[in-house]
Amino acid sequence: MMREILLDTETTGLEPLGGHRIIEVCCLELRNHMPTGRHFHVFVDPGREIDPDAERVHGISRASLIGKPGFADIADPLLAFLGDAPIVAHNAPFDFGFLDAEFQRLSLPPLARSRMVDTVAMARRKYPGLPASLDALCRRFDIDLSQRTTHNALLDCRLLAQVYVELLGGRQPGLGLVSTAASRATGLAAPVARTPRIIIVSPAEAEAHAAFLSRHVKEPLWAAFAPANVAPGNVAPENVAPGNYTPANAAGEA
């Protein structure tokens, strides 16, 4: 099954090249675009102050990070969790830029851009001209936002997992979201073979039907499809092959 990693970060500010650092990282594992329940989530001591505007966005204070591991302590387990899977993120260049800056400080290579899946770009392709923020997409797809009072990497990842599925086409049958084995486990009965039932029309019924048509239906469309030797309404058994009861040969006789 296809493995992907859905990722989000929170930071001390907006510019990694200006010395801002990562303070929270969350990764959710996806298989066939659906969460497996495995995740990597950690708060990081950035070793610097947090920009007040950034703190207003995510609500994470400098004091709350004292004693947390530094990025150097979490880099190896983070890379192990990422593996070589594609990385899905909302505004992915932002997260990739911060991760690359952190890796560079440790003399580690940057993340390959070929692994980047940016859900902002996906949303703009699918809904050109419309807002592509996570909040806007959640509202568009009727995803509950009641817990999102501030930005939080773990909650944002869980919301983005739902948004990502919708951007891919939604939870529809035939997309491979449910395995064949799982569908069999639901206990659905196998189709039952049924023997076609021949409907026999008596001469009296045919006559009554023909009379109804003559009174209420003028030049019925299906008459044009009747066999040449079967006049409209001539549905007596001798004119209809067994089991061959269709509108084309079942009109009433005038």
Side-chain angles (χ1 to χ4, degrees), residues 1-51 53-55 57-58 60 62 64-125 132-134 137 151-161 163-165 167-168:
M1 293 191 296
M2 179 181 180
R3 182 176 188 263
E4 298 167 295
I5 298 298
L6 199 149
L7 178 142
D8 189 43
T9 62
E10 299 298 342
T11 64
T12 62
L14 296 177
E15 294 296 336
L17 298 182
H20 283 291
R21 306 290 299 273
I22 287 175
I23 58 175
E24 184 185 12
V25 183
C26 183
C27 304
L28 299 185
E29 182 184 64
L30 308 179
R31 293 280 184 180
N32 286 353
H33 311 311
M34 300 298 292
T36 65
R38 292 189 66 228
H39 71 275
F40 176 94
H41 180 223
V42 64
F43 288 94
V44 179
D45 186 341
R48 58 155 292 160
E49 293 302 314
I50 297 173
D51 186 272
D53 289 337
E55 185 172 341
V57 170
H58 50 59
I60 302 171
R62 176 73 183 96
S64 70
L65 298 174
I66 299 298
K68 301 297 183 184
F71 193 88
D73 301 313
I74 64 102
D76 285 343
L78 171 61
L79 288 169
F81 192 89
L82 292 174
D84 59 359
I87 300 171
V88 182
H90 202 65
N91 192 18
F94 177 89
D95 299 287
F96 271 59
F98 267 93
L99 287 169
D100 286 350
E102 296 286 1
F103 291 143
Q104 185 177 28
R105 292 185 182 97
L106 302 173
S107 300
L108 294 171
L111 295 170
R113 290 307 187 263
S114 60
R115 300 174 63 184
M116 180 191 293
V117 179
D118 182 14
T119 50
V120 169
M122 291 176 66
R124 286 175 176 163
R125 286 194 298 270
S133 70
L134 185 57
L137 292 172
H151 287 213
N152 169 287
L154 180 58
L155 176 60
D156 287 0
C157 273
R158 288 171 175 164
L159 294 173
L160 185 57
V163 167
Y164 183 47
V165 170
L167 290 173
L168 290 171

How about D156 and H90: do any of their side-chain heavy atoms sit closer than 4.5 Å? no

Angle between ring planes, Y164 versus H33, binned at 30° and 60°: parallel, tilted or perpendicular? perpendicular

Can you confirm whether I87 sits close enough to D95 that some side-chain heavy atom of one is under 4.5 Å from a side-chain heavy atom of the other? no

Roughly how far, to the nearest 0.5 Å, is CG of L7 from CG of L78? 7.0 Å

When every non-hydrogen atom of P86 is compared with those of M2, the smallest separation belongs to CG-CE, 4.3 Å

At their closest point, which heavy atom of T11 faces which heavy atom of G13, and how far apart are they? OG1-O, 2.5 Å

In Å, rounded to the nearest 0.5 Å, how long is the span from CG of L82 to CZ of R115? 6.0 Å

For the residue pair R31 and T36, establish whether any side-chain heavy-atom pair is separated by less than 4.5 Å. yes

D84, CG atom: more than 12 neighbouring heavy atoms under 6.0 Å: no

So, taking the atom named CG in D8 and the one named CG in L134, what distance separates them when rounded to the nearest 0.5 Å? 8.0 Å

For the residue pair C26 and L154, what are the closest heavy atoms and their distance? SG-CD1, 3.4 Å

Rounded to the nearest 0.5 Å, what separates atom CG in L17 from atom CZ in F98? 8.5 Å

Which atom pair, heavy atoms only, marks the closest approach of F96 to R113? CD2-NH1, 3.5 Å

Any L65 side-chain heavy atom under 4.5 Å of E24 side chain: no

Check whether any side-chain heavy atom of H39 sits under 4.5 Å from a side-chain heavy atom of L28, and report yes or no. yes

What heavy-atom pair brings D53 and D51 nearest, and what distance separates the two atoms? N-OD1, 2.9 Å

Salt bridge (charged side-chain N to carboxylate O under 4.0 Å, His left out) filter on R105, not counting sequence neighbours, yields E102

Rounded to the nearest 0.5 Å, how far apart are SG of C157 and CD1 of I5? 10.0 Å

Write down the atom of E4, the atom of A85, and the distance for their closest heavy-atom approach. CA-CB, 4.1 Å

Is the shortest heavy-atom distance from the side chain of K68 to the side chain of I23 under 4.5 Å? no

Side chains of F94 and D118: does their closest heavy-atom pair fall under 4.5 Å? no

For R158, is the CZ atom crowded, meaning more than 12 foreign heavy atoms sit under 6.0 Å from it? no

Flag the pair R62 / P46 as yes when at least one side-chain heavy-atom distance between them is below 4.5 Å, and no otherwise. yes

